[in-house]
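Report on one structure; see the data block that follows.
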Amino acid sequence: MVVSAAVVLYGLRPALRVLLWVVCGLAAITAFSLLMDVITLTLGQGVDSWASAANKALAAVGAVLLAATARSDRRPGGTAVREPSAAPRLVQRAAWTGTLAFVPYAAMKLVWASGGTFAGITGEEMLAASERNGASGIFLTLESWGLDPTALLAALGVFLLWGLVRPWGQVFPRWTLFLRGRRVPRWLPLAPALLGAATLAPYGVVGAGYLTLATGGVVAIRRGDFDSSGDALLVGWIGIVAFAVYGIALTIAAYSYWLRTRPAAR
């Protein structure tokens, strides 16, 4: 509030702009793991703390407003709408990398959901563990049908990733029926993309560091519901690599989408 009040009183001076970006970064850190709360609510589960979830949501809104304030004196690029375009080849390669990173994760989850065994634990044991850990009725019902909810969310994440790098992410394609041909609002893919990138990328990178230490025997890893630490490490690496690589790919794709959908100068 102090920085914002100073901007109102003295204008957006260079020093105040730097302070705005610093506070914006701190707000974004506070909003970390908001995506996890959104996912748990989507699956019909309650969050650990409503006060904490509300604080994260307010921090996310604050980060957006602070960033908008820091850029408020920049001249707009123009008002002309750009033609839909695909992302550069390197960005699309990043999208392919993020997609392929989820393949082992989705396969592992579907093995359990279909009743198979992976890392020494059966699908029935995993379902019982989910129920014991407080999984919602929606989650357990989908699992009993052979559909893992997290694998479905991974598929939605891949869909979002490719929408950011392909032209159909800027104009609704023909299979969207009544929406086809209309412009996709920029915020529609960018909002979940930025939320996902801000959560999954740091979560995956920090998690990879922890698993590296655990693999080297520097720290101990909790076995949880698994029979051995090796099984827990195997499952942990599959999940963390998927989150880290996808989060980084999502960050790259979101930035490319933001650049390609900016208003063009007439």
Would you say that P84 contacts R183 through its side chain, given a criterion of any heavy-atom pair below 4.5 Å between the two side chains?
yes
State the OG1-OH distance between T150 and Y105, to the nearest 0.5 angstrom.
3.5 Å
Could you grab the distance from atom NZ of K109 to atom CD1 of I238, nearest 0.5 Å is fine?
10.5 Å
Measure the shortest side-chain to side-chain distance between D148 and W112 over non-hydrogen atoms and say whether it is less than 4.5 angstrom.
no
Working to the nearest 0.5 Å, report the span between OG1 of T122 and CG of L127.
9.5 Å
Does a sphere of radius 6.0 Å around CZ in F118 hold more than 12 heavy atoms from other residues, nucleotides or ligands, not counting ones at 6.0 Å or beyond?
yes
Would you say T215 and W237 make side-chain contact, with heavy atoms under 4.5 Å?
yes
Count the heavy atoms belonging to other residues, nucleotides or ligands that lie under 6.0 Å from CZ of R186, then report whether that count exceeds 12.
yes
To the nearest 0.5 Å, what is the distance between CZ on F102 and CG on L153?
9.0 Å
Looking only at heavy atoms, what is the nearest atom pair of T251 and A201, with distance?
OG1-CB, 4.3 Å
Atom CG of L160 and atom CG of L250: how far apart are they, to the nearest 0.5 Å?
5.5 Å
Any V184 side-chain heavy atom under 4.5 Å of Y257 side chain
yes
Between R260 and P167 (side chain of the first, backbone of the second, donor and acceptor by atom type, cut-off under 3.5 Å), is there such a pair?
no
Taking all atoms of both residues into account, what is the closest heavy-atom pair of A244 and V205, and its distance?
CB-N, 4.0 Å
Ignoring hydrogens and angles, tell me if any N or O in the side chain of S114 forms a donor-acceptor pair with the backbone of V111 under 3.5 Å.
yes
Would a 4.5 Å heavy-atom cut-off, applied to side chains only, mark S85 and Q170 as touching?
yes
Is there a path from L110 to L234 through hydrophobic residues (I, L, V, M, F, W, Y) whose side chains come within less than 4.5 Å of each other?
no
Scanning both residues in full, the closest heavy-atom pair of A249 with A94 reads CB-O, 3.2 Å
In this structure, would L164 and L100 fall into the same cluster of hydrophobic residues linked by side-chain contacts under 4.5 Å?
no
Is there a continuous path of hydrophobic side-chain contacts, each under 4.5 Å between heavy atoms, that joins F178 to W175?
no
Euclidean distance, L161 CG relative to T97 OG1, rounded to 0.5 Å:
9.5 Å
Between W162 and T99, do the side chains contain a donor N or O and an acceptor N or O under 3.5 Å apart?
yes
Nearest heavy-atom neighbours spanning G120 and D227
O-OD2, 3.2 Å
Students often mix this up, so state it plainly: with edges at 30° and 60°, are the rings of Y203 and F243 parallel, tilted or perpendicular?
tilted
Grouping I, L, V, M, F, W and Y whenever their side-chain heavy atoms are under 4.5 Å apart, do I252 and W96 come out in a common cluster?
yes
Locate the shortest heavy-atom distance separating A208 from T212; write the atom from each residue and the value.
O-OG1, 2.7 Å
Membership question, hydrophobic clusters at under 4.5 Å side-chain separation (ILVMFWY): are V103 and V158 in the same one?
no
What heavy-atom pair brings A214 and I221 nearest, and what distance separates the two atoms?
CB-CB, 4.2 Å
Would the number of heavy atoms belonging to other residues, nucleotides or ligands and lying under 6.0 Å from CD of E124 be above 12?
no
